[in-house]
Amino acid sequence: MSTVSSGGPPGAVSPAFWSVADIAQRIAAGEITATQILETMLARIEAIDGELGAFLAVDVAGARAAAAEVDRRRAANAPLGPLAGVPIALKDVLVTRGLATTAASKILQGWIPPYDAHVVEQLRAAGAVVLGKLNCDEFAMGSSTENSAYRVTRNPWDPARVPGGSSGGSSAAVAAGLCAAALGTDTGGSIRQPAAFCGCVGMKPTYGRISRWGVVAFASSLDQVGPLTRSVADAALVLQTIAGFDPRDSTSLDAPVPRFTDALTGEVAGLRIGLPQEYFEAMDDDVRAAVAQTAAALVERGAELVELSLPHTKLALPAYYLVAPAEASSNLARYDGVRYGLRAPAPELLEMYARTRGAGFGPEVKRRIMLGTYALRSGYYDAYYKKAQQVRTLIKRDFDRAFRYCDVLLTPTTPTAAFRFGAKATPVDMYQADVFTLSCNLAGLPGISVPCGLTGDGLPLGAQLLGRPLDEATLLRAGAVIEAAVGLGERRPSGIGGIA
Amino acid sequence: MTEGKQSIGGLPAMLEVWEPVIGLEVHVQLATKSKAFSASAVSFGAEPNSLTDPLVLGLPGTLPAFNHAALALALRLGVATSSQIRAKSRFARKHYFYPDLPKGYQISQFDEPLCENGHLDVIIGGGIKRVPLQRIHLEEDAGKTTHVGASSHVDLNRAGVPLVEVVSAPELGSAEEAGEFMRSLHRLVRWLDISEADMEKGQLRCDANVSIRLRGEDRLGTRTELKNINSFRFVEHAIESEIVRQIRILEAGGRITQETRLWDADRGQSLPMRSKEAANDYRYFPDPDLPPLVVDGATMGGVLRTLPELPSTRFDRYQRAHGISAGDARTLVSERALADYFDAAVAVHPGDRSGRTIANWVLTELLGALHASGTPIARSPIPPATLSALIVLVENGTISGKIGKEIFEESYRTGEGPAMIVERRGLQQISDTATLWEIINRVVAASPKQAEAYTVGGKDGLFGFFVGQVMKETQGRANPVITSDLLHKRLGR
Amino acid sequence: MPALTRKEVEEIALLARLHLEPEELARMQHDLGAILENAAALAAVDTTDVPAMTHAVPMDLRMRLDVVEPSLTVDAALGGAPQREGDLIVVPSSIAPPGRVGTEPAS
């Protein structure tokens with residue numbers, strides 16, 4: 001049983017839980033310095049993260065230098081970026097110049113990149129302070145962060161439970177107030193599901209919205225970076241900072257980035273909300289109730305519900321578990337001990353490869369590489385990978401058809417709340433946790449998870465909205481209304497000492 | 001068992017019974033400034049590992065961005081070989097593990113290559129053999145690995161350089177044809193400014209698939225793949241060696257093992273590559289990091305507009321329009337600059353019957369001088385118009401051919417115009433009959449014994465003596481034809 | 001769909017250059033079999049004339065201009081290499097004929 005506490009009296013909220021917008025505004029106004037904010041965060045990380053386990057690396061020196069630079073500029077009345085002084089942490093699949101990047105794998109132990117990911121460049125240009133790197137499932141493969149080769153991350157609402165995955169470090173850190181916002185990546189639900197498990201907002205934008213340059217690749221046609229934040233407004237702000245065309249990524253969309261913060265009108269009158277029946281079959285009662293309440297709240301404010309069907313939904317899981325591992329087996333072929341990372345000693349080349357990769361990769365990664373290698377073999381390619389890619393088109397067509405009758409789709413993010421460590425006995429059991437989130441990646445659509453209540457045990461639940469390509473604005477608009485109506489308000493997790 | 005020179009003796013007899021079937025896969029490095037998928041420079045001979053960037057190194061998180069110039073160059077080759085150009089082609093990943101292949105896969109093309117079903121016109125013997133090409137596709141090069149004792153050393157400078165792979169149909173019937181195919185392709189890619197194609201720099205590399213079958217048989221025999229062929233000479237030698245090796249095995253009742261063999265130039269033989277790996281499965285699939293490659297009208301238009309007249313077309317034209325021999329035509333098209341020079345000279349030359357004459361001057365005097373001074377034709381001290389003017393002086397009788405050669409040599413050396421030289425040195429040909437008659441009389445009178453020996457004694461060789469005397473008297477300026485005519489008259493026969 | 005044979009698993013492990021201990025091999029045989037059963041669901045779907053989806057938002061390849069940008073220094077490039085000698089990366093040799101310089105090993 002987790003414990004919940006509400007925050008203190010209004011106005012006395014700790015800076016650890018201030019919104020991104022708040023922090024930026026107060027720093028710009030000179031009410032507080034970036035260094036003060038940073039030191040608060042560092043102290044909290046010191047106090048809490050030993051038990052929480054969210055961080056793989058905290059870049060104290062780098063963060064202090066960045067905060068000092070913001071303060072210097074503020075003092076000199078020089079222009080400040082929109083996120084100046086905001087402490088943000090990054091899932092450790094985002095490449096950071098000069099700061100170890102491991103993808104939570106032993107095979108990249110000690111690798112210091114010579115370059116920054118595009119999104120990291122964008123954050124730094126906006127004045128954000130990069131706190132450090134966050135734990136995740138190894139190479140982003142997993143739904144609980146249990147597959148990290150380095151440490152365990154606990155759910156701040158209940159330390160016996162997982163924070164979700166693969167961006168579990170990101171969701172835990174945001175929920176526990178160890179950063180103002182975090183970036184994660186989402187290939188099959190890896191931002192949205194941990195956001196739901198930890199009671200925060202998590203968004204996966206349209207495929208191509210955010211550059212993948214500097215994102216350690218898992219499944220190239222599915223991966224996207226996205227924000228994890230404590231509010232929809234913060235998600236909008238972070239999103240508009242990191243989104244946009246990047247010529248270094250050939251799959252990057254050359255589409256204008258709207259001011260997503262302008263979308264938060266609070267209005268949903270006339271919004272048509274689709275409820276796909278296939279997503280309402282098997283789930284916990286708590287989840288069903290929470291989503292029903294969410295739907296009701298939207299209707300109260302003028303939205304319309306539309307029942308519809310996405311007939312190929314059940315094919316999403318098998319299609320995903322062919323496409324993603326196939327692309328992963330290819331993307332992970334570069335980890336061979338030759339140019340960087342771990343190298344196992346061996347007298348001969350083939351043995352060196354096999355022992356390096358055997359020792360450097362964990363069991364889930366190995367499983368997916370094996371599966372992917374199998375699916376791409378000549379003789380099997382047509383029946384597996386190519387077939388799965390064709391099924392993706394069918395899934396996308398389901399959505400295209402649905403969006404003729406509605407503007408967004410509402411579903412639960414996950415069939416259950418956060419489960420206990422070790423609860424998923426087999427790989428296939430674990431894969432089921434993603435069943436509501438996968439289709440969105442396969443179809444390349446944007447999706448957001450917004451907290452919509454607690455279970456009887458006090459565990460957070462998330463409602464998912466899925467939208468048309470490039471229509472993050474509508475998701476943010478509706479998401480903000482859900483947040484205001486049925487969100488967690490000022491409730492904070494207190495499963496781990498020192499958070500609230 | 002060596003399979004060098006000794007075997008070649010029996011080869012013609014063997015080839016009456018056995019038919020070689022050869023296909024070539026040729027990799028051509030494209031002459032772009034930067035690499036195929038990233039902006040590091042393309043440059044030969046740089047310090048090892050000094051031309052890399054995060055993508056070339058295959059660092060985590062890196063992505064490819066395709067170089068437009070590589071497409072333009074590949075298209076030029078596709079059009080020049082009359083290939084079908086795919087409007088939408090795809091890049092595919094080809095997977096294998098090797099230390100000089102950083103990503104563990106090569107970006108190449110598989111199912112949907114850029115070009116298919118073209119042909120290469122190979123100049124062979126006196127004519128052209130049209131060899132079908134299965135495909136031409138784009139791909140990136142790997143780095144270089146050298147073996148040093150129990151280790152391998154890896155240099156990634158070459159990794160990521162753009163290549164086209166040209167695959168011929170298995171329709172080459174001899175080592176000679178294969179060698180000529182390579183020469184024609186080498187000439188063509190240089191002609192089109194697609195590649196420097198220097199085999200010594202590894203800019204043109206060739207693998208050969210060789211099998212044999214009984215003449216008249218339809219079915220193809222088991223083929224072997226020959227690799228590590230680093231020069232034109234080796235192409236023919238290695239293939240011939242392989243043909244002989246296979247014939248001997250089959251004649252002894254054995255079977256050909258399908259395998260890859262490496263050519264060892266020092267030993268003059270190929271050796272099978274042994275590898276611990278099972279037969280490799282490249283696991284091709286469309287590269288998800290690269291959307292489809294579209295060739296639009298504007299790009300094609302640009303390629304078509306700037307395509308020069310091809311060597312094989314000129315080879316034909318020179319024979320047809322100018323009556324130039326096949327051998328001479330072939331030399332003229334060995335290099336585009338040379339053919340362009342010839343065309344320029346012909347263009348300014350009066351009349352249209354002088355092609356052969358101009359060709360002779362270009363191929364003997366000009367090429368000879370250029371070769372001796374180590375000058376490329378593009379920097380010839382005598383431009384086409386000047387050569388033409390010199391030839392005109394000979395054609396209209398102002399100077400003799402022999403004097404013309406002297407003037408060529410002087411003009412080449414000093415840069416002085418031919419007409420100026422003629423003027424300054426007073427080298428005009430003497431064609432006036434009266435003048436020549438007077439000289440001839442004097443010369444004949446001065447050598448009565450020889451005159452009698454010729455006229456009465458039948459010593460034909462003495463005619464040259466008298467021609468020589470006239471030339472001496474006139475410093476070589478006597479018109480040889482008129483001189484000969486008049487001499488015959490004077491000497492009576 | 002039948003479960004994978006041990007030999008198949010070994011072949012795939014070789015292709016993927018993964019050293020697996022015997023108990024890993026056994027577990028892999030089982031796990032992969034289970035996952036592939038899941039994938040068998042796709043076989044029944046009619047995908048005649050359905051194009052393979054490779055990109056969520058259809059797009060053509062954007063190309064870059066042929067402009068050179070500075071490379072990494074040799075030290076920056078080789079900084080992470082587990083073994084180097086001067087400006088070359090060193091790896092153990094494969095069992096292949098000496099003096100080979102080429103684009104790929106046995107095909």
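None of the values given here were measured: they were computed from a predicted structure. These numbers come from the heavy atoms of this one structure, side chains and all, not from hydrogens, waters or symmetry mates. All chains are named by letter (A, B, ...) in the order of the sequence lines, taking the proteins before the strands, and each is independently numbered beginning at 1.
For the atom pair A/Trp213 CH2 and B/Leu55 CG, the distance stands at 6.0 Å (nearest 0.5 Å). To the nearest 0.5 Å, the span separating OG1 on B/Thr62 from CZ on A/Arg248 amounts to 11.5 Å. Distance check: B/Phe97 CZ to A/Leu350 CG gives 9.5 Å after rounding to the nearest 0.5 Å.
Heavy-atom pairs under 4.5 Å with chain B were tallied for A/Tyr340, A/Tyr381, A/Tyr380; the largest tally goes to A/Tyr340. Between chain B and the options A/Gly337, A/Ala217, A/Ser378, A/Pro113, heavy-atom pairs under 4.5 Å are most frequent for A/Ser378. Note on A/Ser330, A/Pro347, A/Ser220, A/Gly341: by heavy-atom pairs under 4.5 Å with chain B, the leading option is A/Ser330. No other option in A/Val338, A/Asp223, A/Leu332, A/Val215 has as many heavy-atom pairs under 4.5 Å with chain B as A/Val215.
Proximity to chain B (any heavy atom under 4.5 Å) is shown, for A/Thr373, by both the backbone and the side chain. Contact annotation for B/Pro54: only side-chain heavy atoms (C-beta onward) come within less than 4.5 Å of a heavy atom of chain A. Residue B/Phe37: no heavy atom, backbone or side chain, is found under 4.5 Å from chain A. Interface residue A/Arg377: backbone and side-chain heavy atoms are both found under 4.5 Å from chain B.
With hydrogens and angles left out, the side-chain atoms of B/Arg93 and A/Asn331 include a donor and acceptor closer than 3.5 Å.
Here the shortest heavy-atom pairing between B/Ala65 and A/Pro247 reads CB-O, 4.0 Å. In terms of heavy atoms, B/Pro64 sits closest to A/Ser250 at O-OG, 2.8 Å. In this structure, A/Thr251 and B/Asp289 approach most closely via the heavy-atom pair CG2-O, 3.7 Å.
More than 12 heavy atoms of other residues, nucleotides or ligands sit less than 6.0 Å from atom CZ of A/Arg367.
B/Ser152 has its side chain out of reach of A/Leu349: every pair of non-hydrogen atoms, C-beta onward, lies at least 4.5 Å apart. Side-chain atoms of A/Leu108 and B/Pro60, non-hydrogen and from C-beta on, do get closer than 4.5 Å to each other. In this structure the side chain of A/Pro114 reaches within 4.5 angstrom of the side chain of B/Leu59, judged on heavy atoms.
In this pair, B/Phe285 and A/Tyr385 present their aromatic rings perpendicular. The plane angle is above 60°, beyond the 30 to 60° band.
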